[in-house]
S.K.: 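Before I ask anything, here is the structure I am working with.
These numbers come from the heavy atoms of this one structure, side chains and all, not from hydrogens, waters or symmetry mates. The structure presented is a predicted model; accordingly, all values stated were derived computationally and were not measured.
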Amino acid sequence: MAEASGDHRVVDLPLPTPAPLRTAILSVPRQGRRWPGAARAAATVAVPGLVGVALGFGAVSAIATLGAFAVVYGEQRPYRVRARAVAVIGTVLVTLATIGALAGSVVHHELAAGGPAWWYLVVVAAMTVTVAGCAFVVDALRMGAPGAFLMLLSLEIASALPSLGVSVPTVSAWTAIGAGTAVVVSLSGAPFRPRTPERTAVAAAVAAVDAVLEENSPGNRRAAVHDLHAAWQCLHDAGLVGSGHPLEQALCAAHLRCAETLDERPRDEAVPEDDLRLRTPLRRPSVRYRLARAAHLRSRSATIAVRLLVAGPVAGTIAIALGVGRPDWAVITAAMILHQGPDRILGSYRAAHRFLGTVLGLVLVACLTPFHPGGIALVAVLAAVMAGTEMFLVRNYGLAMVFITPLVVVLGGLGAPGDLVTVARDRFLETVVGVLVALAVLWGVLPRAHRRVLDFADGRVRDAVTRIAASSDARELPELRRDLEFDLHASTTAAVIAAHTEPAWTRERWTEHRRLHELGYRILTLPERPGP
């Protein structure tokens, strides 16, 4: 698709603003059909668990849930790449569960020998290094939700199991069984409807564009641009771009309608997410390229990792000092507020989600405790809360926490807690500690990181433009253009974070930022190499 020539004047556009807190807390975006993914998540937990119970392994078979987390990472991916993605994540989960069990085994041995509670710092250190590394990789690759959350959760839960008498090899084996089941279940629809992921992605994009045509609001525009880019990447992964497939044609038509509508929008409504042009988005760069681009102290990914390295030990140390049963919930609370990005406002919203969701989740645990689920009932409870987690993890973090809390409590204890009052008290205190530490780190550590990240991202766009202008080899232009588009998206994200965090500073640079983006997208649409 070629962009028609026209007026490329850059006007002074208003800064993007975050949604109000009430909207962020209560809204539950539709995001297409979620029940098939929820059903797959439940089945991935239920199948190995029920088989294990039938074979006489009892509650231990529920540990397969740790590997079952991998199925969530395959959702919305074409079957062509889904098995590989789920297998890779499954391998990571098995590794992390083993590390968690080893750390927990050391701690349990020392505490049983009369050692001080400070031995829990071994688990805190393992969790901190894990979440910092995983969050860096996830952000650098732009994997999106659930990000590093389920990876850290597998390590955290596994660290509690040795205190119940579960050996490290047992944890590793059952996690591997769950991961293998995740690969099989994630592909269960392929023989019957092999294009379902692509059809779902295109249908979501078309519906989002129709919503823009019906009401051209900033929220609808953001959703449409997001869904269009997600659908194009889905078709790229499926190998359909350039094939003339009906799905490509349908997406192309929706893309054109949306881009033309955004080009005609009232200028006073523009937001950075409107960066959609009359051309097909390019395929994302390689994994190696994305990781290399993030390997810089001024990058967004590095900022996330540094804050996590600070928050984990602080939250864990405070929790141990307060004498709670385990400090890991404080660490994971802080980590999950910080791991999705450096945006202070959205991070503060996540803190509210985490707190409210945990409180409601503890109420759900209290409702389950009198029934003392075990065996088949235990597996059924875990399958149900896993389905709930998949339903809401991307749509509303607070609602997801309502299901995640009982999942962690029940799976970490291989059954309902024996002392509900103590468990509820400790989880509540650890949540308060984690939330307060996360907010302090979010607002106090690297307080001007948003400035460096935006300057760094815009600088990379300028460098990419310069490389394209200086290139004399037509064969390298496709790769250079792909890199430019990747950097433009990073710059847009950095601008939104800066606008949310420090509007006055961002406003001074806004026009120049927009001018740079207009130049970048004009270059992407030129059929020949631009002159210097």
Side-chain angles (χ1 to χ4, degrees), residues 14-29 31 131 135-136 138-140 142-149 217-223 225-227 229-230 271-275 299-308 310-311 332-358 392-401 404 431 434-454 457 489-507:
L15 301 184
T17 56
L21 176 60
R22 177 184 175 86
T23 301
I25 293 294
L26 299 179
S27 64
V28 184
Q31 294 192 347
V131 73
F136 177 89
V138 166
D139 188 75
R142 302 184 190 176
M143 291 175 58
F149 175 45
S217 65
N220 284 345
R221 291 200 300 270
R222 284 193 294 270
V225 173
H226 173 274
D227 289 350
H229 281 293
V271 292
E273 289 86 349
D274 291 342
D275 281 335
S299 72
R300 163 192 159 102
S301 303
T303 298
I304 295 172
V306 169
R307 286 176 170 169
L308 288 168
V310 173
I332 199 170
T333 295
M336 292 308 99
I337 293 170
L338 297 171
H339 88 291
Q340 288 188 342
D343 191 313
R344 290 178 182 173
I345 304 302
L346 299 186
S348 299
Y349 290 176
R350 285 196 296 273
H353 273 291
R354 180 81 190 193
F355 179 79
L356 295 174
T358 299
F392 296 106
L393 188 57
V394 177
R395 301 162 65 198
N396 186 294
Y397 183 45
L399 285 176
M401 280 306 306
I404 291 168
T431 299
V435 167
L436 292 178
V437 168
L439 290 175
V441 170
L442 189 64
W443 290 84
V445 175
L446 302 177
R448 295 186 175 181
H450 56 279
R451 296 185 179 186
R452 292 191 294 272
V453 171
L454 178 56
H489 290 318
S491 175
T492 293
T493 301
V496 173
I497 292 172
H500 289 176
T501 303
E502 192 177 3
W505 177 86
T506 309
R507 189 172 292 110

S.K.: Could you measure the distance from the CZ atom of R142 to the CZ atom of R300? Nearest 0.5 Å is fine.
M.R.: 8.5 Å
S.K.: Which atom pair, heavy atoms only, marks the closest approach of T333 to T431?
M.R.: CG2-O, 3.7 Å
S.K.: If you take all heavy atoms of A334 and A311, which pair is closest and at what distance?
M.R.: CB-CB, 4.3 Å
S.K.: Got a donor-acceptor contact below 3.5 angstrom from the H450 side chain to the A495 backbone?
M.R.: no
S.K.: Please check: side-chain N/O of R307 versus main-chain N/O of V445, any donor-acceptor pairing under 3.5 Å?
M.R.: yes
S.K.: Does some side-chain heavy atom of M401 sit less than 4.5 Å from a side-chain heavy atom of H353?
M.R.: no
S.K.: Show your reasoning for whether ring-ring contact (aromatic ring centres under 6.0 Å, His included) applies to H489 and H229.
M.R.: CA-CA 11 Å; H489 290 318; H229 281 293; 4.8 Å; yes
S.K.: Shortest non-hydrogen contact from H339 to I304?
M.R.: O-CG2, 3.8 Å
S.K.: Is a donor on one side and an acceptor on the other found under 3.5 Å between the side chain of D343 and the backbone of H500?
M.R.: no
S.K.: Would you name the heavy atoms of S348 and L442 that are closest together and state the gap between them?
M.R.: N-CD2, 3.8 Å
S.K.: For the pair V131 and F136, evaluate side-chain contact (heavy atoms from CB on, under 4.5 Å) and give the outcome as yes or no after the intermediate values.
M.R.: CA-CA 8 Å; V131 73; F136 177 89; over 6 Å; no
S.K.: Could you go through I404 and L393, starting from their C-alpha distance and side-chain angles, then the distance that decides it, and tell me whether this counts as side-chain contact (heavy atoms from CB on, under 4.5 Å)?
M.R.: CA-CA 9 Å; I404 291 168; L393 188 57; 4.1 Å; yes
S.K.: For a side-chain contact (heavy atoms from CB on, under 4.5 Å) check, start with the C-alpha distance between M336 and Y397, then their side-chain angles and the critical distance, and finish with the verdict.
M.R.: CA-CA 10 Å; M336 292 308 99; Y397 183 45; 3.2 Å; yes
S.K.: Please report the shortest heavy-atom distance between S299 and A302, naming the atom on each side.
M.R.: OG-N, 3.1 Å
S.K.: Find out whether V435 and I337 are in side-chain contact, i.e. whether some heavy atom of one side chain is under 4.5 Å from a heavy atom of the other.
M.R.: yes
S.K.: Should Q340 and R350 count as side-chain neighbours, where that means a heavy-atom distance under 4.5 Å?
M.R.: yes
S.K.: When you look at L21 and Y349, which way does the side-chain contact (heavy atoms from CB on, under 4.5 Å) test go after all the steps?
M.R.: CA-CA 7 Å; L21 176 60; Y349 290 176; 3.4 Å; yes
S.K.: I'd like to know if the side chain of T506 reaches the main chain of A498, judged simply by a donor and an acceptor atom lying under 3.5 Å from each other, with no hydrogens or angles considered.
M.R.: yes
S.K.: Taking all heavy atoms of A135 and all of L308, pick out the closest pair and write down the distance.
M.R.: CB-CD1, 3.5 Å
S.K.: With salt bridge (Lys or Arg N to Asp or Glu O under 4.0 Å) as the test, pick out the partner of E502 among R452, R451, R507.
M.R.: R451
S.K.: Donor-acceptor check, side chain of T23 to backbone of A19, threshold 3.5 angstrom: yes or no?
M.R.: no
S.K.: Given side chains that start at C-beta, do those of I497 and P342 come closer than 4.5 Å, heavy atoms only?
M.R.: yes
